[in-house]
Asks: 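The structure that follows is given in the form of structure tokens.
As the structure is a prediction and not an experimental result, all values here were calculated from the model. In what follows, chains are A, B, ... by sequence order, proteins preceding strands, each numbered from 1.
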Amino acid sequence: MGRDVKKDFKLIIDNDELENMPVADTSIKDELQRWPLFGLSVGSFLQVIAMEQQTCIMEVYLSANHWGHFCFVEGELYDAVYGDLNGEIAAMEMISWENVRLNIKQILNTSSVVRKIDKNLMLLMMESSRRRDEVQENGHHADGEDVDDIEEMEVIADDVERAKLSACLNMMSKDMGDALMAASISNVNEGKVMASFHASPETAEAFLRLTKYMKNAFSANTANNLGDHYILDLKDRQTLVVLIIGEHQWCIVFKNDKCTLGLLRNVVMPKVIRTFNEMNIG
Amino acid sequence: MNIQKLNVCMDILKKDLGEGFVASCIITTEDGQVLVATDKANIAEATLLNDATAFMRNALKTYPAELGQYYYIDVAGNMAVLVIPFGDYQWTITVNKKLVKLGLLLNVVLPAIINAFEDAVVS
């Protein structure tokens, strides 16, 4: 249950806390007003900005001495600054921050923005997760086995897997452009949604139940089992493709007048699946 | 519903799919009763797919979207099933996917049989 709560990120505009603050604390109040958003991890918000292809500066505040910013141009991470650090090193430091306060500023003129980060955001996030794993593992060996540690490790492993799957969806979104309407990746065995793009968890869960129903129906009533995909023609020129790859189920809804089923099956999906397999998921 | 035209639908289907045709049946969605079926048709499967269609319609409400003209299910081995729900009826077609390419099935065969099916149902 506690784990579920951790995953339930909510974007909160923290006005109450500021309004109830004593007048004497106005300097702190002013300071906090600079970062009106909280309740998300840095990684989650970075993915939102990348997916929405925003051009902005995302300011991040962890504490009085730990704050910095990320610079995005059309969803691509161009730079990051944290104290004396900048570029990739600064980004790696800040990506793993949680319970931060955030502020977004629009960039009106990108001509002066110098690109200092060439690495894909998802690769940076995966690298950051890997480093966190290493730190946790070292701590684990030093402290001995502990239930809290094991739970924390599971949460981190889950986060790494989610980041990898989000990277796959991000790649798909870039390849398909506005043809991609929604997508989700769920763990079939655990029945949970691991990554999504414009898809509600209810839809992903409903299709997990449908797959389970069809698997049972086919194995109980026919000589053959359900295969690895099914395709639904939808109204408004949309198509839904459900792919079952190992223990994951992918649901992809796309505009079939902008991307053909053949293009999805023969070009987009092989590339995404190759990336998916290279990440050693499942 | 024109039974003669329904049989014509089956003939068109067999002709278009050739060796790739395996079996087919048309059922009523309300009670799952079979109207027309060819040899080797798996009636239990067709009836279960009737329930699956209802399941899909409900699942799509959460998106929200509506089921279009057909759905296609890959089956382990050589088979695949194409389902065409239309009003009070549902047509289930089993094909040998090794012999019928998906593009041919969806872009050539399907439009022809959907037209014939609609004509048979509304007659």
Asks: Nearest heavy-atom pair of A:Ala206 and B:Thr62: which atoms, and what distance?
Replies: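 Smallest interatomic distance, heavy atoms only, reads CB-OG1, 4.4 Å.
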Asks: Can you list the residues of residues 82-102 of chain B that sit under 4.5 Å from chain A, counting heavy atoms only?
Replies: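 So the qualifying residues are B:Leu102.
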Asks: Looking at B:Asp11, I'd like to know if its CG atom is crowded, meaning that more than 12 non-hydrogen atoms belonging to other residues, nucleotides or ligands lie closer than 6.0 Å.
Replies: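 It does: B:Asp11 CG has more than 12 such atoms within range.
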Asks: Test side-chain contact (heavy atoms from CB on, under 4.5 Å) on B:Phe55 and A:Met214; report intermediate values, then the result.
Replies: CA-CA 10 Å; B:Phe55 212 132; A:Met214 289 207 293; over 6 Å; no
Asks: What's the separation between atom CZ in A:Phe207 and atom CE in B:Met56, rounded to the nearest 0.5 Å?
Replies: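 The CZ atom of A:Phe207 sits 7.5 Å away from the CE atom of B:Met56.
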Asks: Contact part of B:Ala52 toward chain A, heavy-atom cut-off under 4.5 Å: side chain, backbone, both or neither?
Replies: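 Interface part for B:Ala52: both.
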Asks: Minimum heavy-atom separation for A:Tyr213 and B:Leu48, please, with both atom names.
Replies: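 Looking at all heavy atoms of both residues, the closest pair is OH-O, 3.3 Å.
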Asks: Mind checking what makes side-chain contact (heavy atoms from CB on, under 4.5 Å) contact with A:Asn225, not counting sequence neighbours?
Replies: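 A:Ser219, B:Ala76.
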Asks: By number, which residues in residues 169-187 of chain A have some heavy atom less than 4.5 Å away from chain B?
Replies: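 Result: A:Met181, A:Ala182.
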Asks: Among B:Val81, B:Asp51, B:Leu106, which residue has the highest count of heavy-atom pairs closer than 4.5 Å to chain A?
Replies: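 Top option by heavy-atom pairs under 4.5 Å: B:Asp51.
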Asks: Does A:Leu226 form a side-chain contact (heavy atoms from CB on, under 4.5 Å) with B:Val75? I'd like the steps, not just the answer.
Replies: CA-CA 5 Å; A:Leu226 181 68; B:Val75 180; 5.9 Å; no
Asks: Counting a contact as any heavy-atom pair under 4.5 Å apart, which residues of residues 231-243 of chain A contact chain B?
Replies: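 Contacts with chain B: A:Ile231, A:Leu232, A:Asp233, A:Leu234, A:Lys235, A:Gln238, A:Leu240.
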Asks: Pick one of side chain, backbone, both or neither for B:Asn58, based on which atoms fall under 4.5 Å of a heavy atom in chain A.
Replies: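 Answer is neither: B:Asn58 stays 4.5 Å or more from chain A.
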Asks: Distance check, rounded to the nearest 0.5 Å: B:Tyr71 atom OH versus A:Tyr230 atom OH?
Replies: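 Between atom OH of B:Tyr71 and atom OH of A:Tyr230 there are 10.5 Å.
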